Amino acid sequence: ILADQIITPTLESGCLAGIIRKKILADKSCKIVEKDIRSSDLEKADAVFLTNSIMGVMPVKQIGEKTYCSTENDWIKKLIEIYSKRGNENG
């Protein structure tokens, strides 16, 4: 997450077309950009999260020396809410 954008890797970069990713991309209230993510992008990010169909949206606390307050980020809180609302839906 950088400023008001949620950035996700492109599928061509090796990112999996997962269920949670699909649900987040479907939410039109979030501004989402698909692009190749570099380590310099992660250094600039306000918050970072991973998705997994078992655990949902998982805030990242640290990558290398960079620490994030991802658990306090409003966008990540919103994404966790989106997943919890849709987590029991099919597909």
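Just so you know, these numbers use all the heavy atoms, side chains as well, and skip hydrogens, waters and symmetry mates. Just so we're clear, the structure is a prediction, and the values are computed from it rather than from any experiment.
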Can you confirm whether [X] sits close enough to [Y] that some side-chain heavy atom of one is under 4.5 Å from a side-chain heavy atom of the other?
{"X": "L42", "Y": "Y68", "answer": "yes"}
{"X": "C15", "Y": "E34", "answer": "no"}
{"X": "T8", "Y": "R21", "answer": "yes"}

Nearest-0.5 Å distance, [atom1] of residue [X] to [atom2] of residue [Y]:
{"X": "I32", "Y": "D27", "atom1": "CD1", "atom2": "CG", "answer": "6.5 Å"}
{"X": "K78", "Y": "I1", "atom1": "NZ", "atom2": "CD1", "answer": "11.5 Å"}
{"X": "K31", "Y": "I7", "atom1": "NZ", "atom2": "CD1", "answer": "10.0 Å"}

[X]-[Y] co-clustered via ILVMFWY side chain contacts under 4.5 Å:
{"X": "L16", "Y": "I20", "value": "no"}
{"X": "L79", "Y": "M58", "value": "no"}
{"X": "L2", "Y": "I63", "value": "yes"}

Please table the atom pairs, donor to acceptor, closer than 3.5 Å between any side-chain atom in residues 43-55 and protein atoms at least two apart or in another chain.
{"from": "D46", "atom 1": "OD2", "to": "A3", "atom 2": "N", "distance (Å)": "2.6"}
{"from": "N52", "atom 1": "OD1", "to": "I54", "atom 2": "N", "distance (Å)": "2.6"}
{"from": "N52", "atom 1": "OD1", "to": "M55", "atom 2": "N", "distance (Å)": "3.1"}

Exercise for the section: Identify the heavy atoms of V60 and S70 that sit nearest to each other, and give their distance. Expected result: O-OG, 2.8 Å
Practice task
For E12 and G14, indicate whether the former's side chain and the latter's backbone hold a donor-acceptor pair under 3.5 Å.
Solution key: no
Practice task
Would you confirm whether D41, through its side chain, and R38, through its main-chain N or O, come within 3.5 Å as a donor-acceptor pair?
Solution key: yes
Handout entry: Within 6.0 angstrom of K66 NZ, more than 12 heavy atoms from elsewhere
Key = yes
Problem - Under the side-chain hydrogen bond (donor to acceptor under 3.5 Å, both in side chains) test, residues paired with K77 that sit two or more places apart - result: none
